[in-house]
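Structure, as structure tokens:
To find a chain, count down the sequence lines: A is the first, B the second, and so on, and within it residues start at 1.
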Number of protein chains: 2
Amino acid sequence: MEKKPQTSGNPSVSHMVENIVGCKWSMTVLAMIRSGTNRPGAMVREVDGLTAKVLNERLAKLIRFGIAEKTVFPVTPPHVEYRLTSFGEKFVGVIDEIERLQIDLDQTE
Amino acid sequence: MEKKPQTSGNPSVSHMVENIVGCKWSMTVLAMIRSGTNRPGAMVREVDGLTAKVLNERLAKLIRFGIAEKTVFPVTPPHVEYRLTSFGEKFVGVIDEIERLQIDLDQTE
DNA sequence: CAGTATCCAGACCGATACTG
DNA sequence: CAGTATCGGTCTGGATACTG
């Protein structure tokens, strides 16, 4: 299973970031959901080294934190999609800040 | 020792964030350097649970990434100070974004 | 296709003892 | 005061096999 990140109340965004960013594959999964690769099978196929088990753990965490949401289409074979919530959009905005920082770094050196 | 985060070239900021934010005590150390608690002894004293060994590992990482720099005053007893580099200032700016996100979250629920 | 259960090698980090 | 070396428990996550 997984360690409990908080003792009670709302998860602080700091903890969320610590828990997500520091968690292997989370950023990759987040990036895929953003870019439209939002089905589990596709994600596993696209990322070398990512297993279904770990993917599901990450997705569960993203959902628990309110960053992503899951849609199940009751068809055969099963069809599942994940997408960002509105809060999730804001969250990835922070990630964008990081990319911008990268540009500054490149110019400085 | 420590796992190598990159294979070559410059560390990407994404990797830095992953490596720093996801690393226990890093954020705490960063916050202390910012707020003026910038001597190792003071940091260990201020944070319950933080050991000198782990602190030095974190500081080494912050220096390696160009986020912090170290100043040694050649006196007895030894006097050492850490402070943010200009890049480090930008880096913590990203952390500030995160705190702002928190405010949005609180207002939404 | 989607998801879960189990196993276990290795990374992380806390405690301790030590040097300069 | 600053920093390093070592040991060992705990947890993460990759491999595999399985169900619906």
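- With dG14(C), dG13(D), dC13(C) as the candidates, the nucleotide lying closest to the side chain of Trp25(B) is dG14(C).
- In this structure, CG of Leu59(A) is placed 10 Å from P of dT4(C), rounded to the nearest angstrom.
- Minimum atom distance to the side chain of Arg39(B) is reached by dA2(D), of the listed dG14(D), dA2(D), dG3(D).
- The shortest side-chain heavy-atom distance between Leu59(B) and Lys70(B) does not fall under the 4.5 Å cut-off.
- No donor-acceptor pair under 3.5 Å is formed between the side chain of Thr37(B) and the backbone N or O of Ala42(B).
- Comparing dC1(D), dA15(D), dG3(D) by their nearest atom to the side chain of Pro40(B) picks out dG3(D).
- Counting only heavy atoms from C-beta on, Lys70(A) has its side chain closest to dG3(C) among dC13(C), dG3(C), dG13(D).
- Checking the phosphate oxygens (OP1, OP2) of dG3(C), a side-chain nitrogen or oxygen of Tyr82(A) falls inside 4.0 Å.
- Regarding Glu81(A), its CD atom lies at a distance of 12 Å from the P atom of dG3(C), rounded to whole Å.
- The phosphate of dG14(D) (OP1 or OP2) has a side-chain N or O of Lys24(A) nearer than 4.0 angstrom.
- At the phosphate of dC13(C), neither OP1 nor OP2 sits under 4.0 Å from any side-chain N or O atom of Lys61(B).
- For the pair Arg58(A) (side chain) and Leu30(A) (backbone), a donor-acceptor distance under 3.5 Å is absent.
- In a base pair of the Watson-Crick type (N1 to N3 plus N6-O4 or O6-N4) or a G-U wobble (N1-O2 and O6-N3), with each distance short of 3.5 Å, dG8(D) is matched with dC13(C).
- Distances were taken from every side-chain heavy atom of Thr51(A) (C-beta onward) to each of dG3(D), dG14(D), dC13(C); the shortest belongs to dG14(D).
- Mapped onto DNA chain D by nearest heavy atom, Asn56(B) and Gly49(A) fall at different nucleotides, with Asn56(B) at the one closer to the 5' end.
- If you take CG of Leu55(B) and C1' of dG14(C), they are 14 Å apart, rounded to a whole angstrom.
- Nearest heavy-atom pair, Asn19(A) versus Lys61(A), reported as atom, atom and distance to 0.1 Å: OD1-NZ, 2.6 Å.
- Not a single donor-acceptor contact under 3.5 angstrom links the side-chain atoms of Lys53(B) to the base of dG3(D).
- Across all strands shown, dG3(D) forms a Watson-Crick or G-U wobble pair, both distances under 3.5 Å, with dC18(C).
- Of all nucleotides listed (dG20(D), dC13(C), dG3(D)), dG20(D) comes nearest to the side chain of Pro78(A).
- In this structure, the side chains of Leu84(A) and Val92(A) come closer than 4.5 Å at one or more pairs of heavy atoms.
- The separation between Glu57(A) atom CD and dC11(D) atom P is 15 Å, rounded to whole Å.
- Heavy atoms of Phe73(B) sit nowhere under 4.0 angstrom from any nucleic acid atom.
- The distance between atom CG of Leu50(B) and atom C1' of dC12(C), rounded to the nearest whole Å, is 15 Å.
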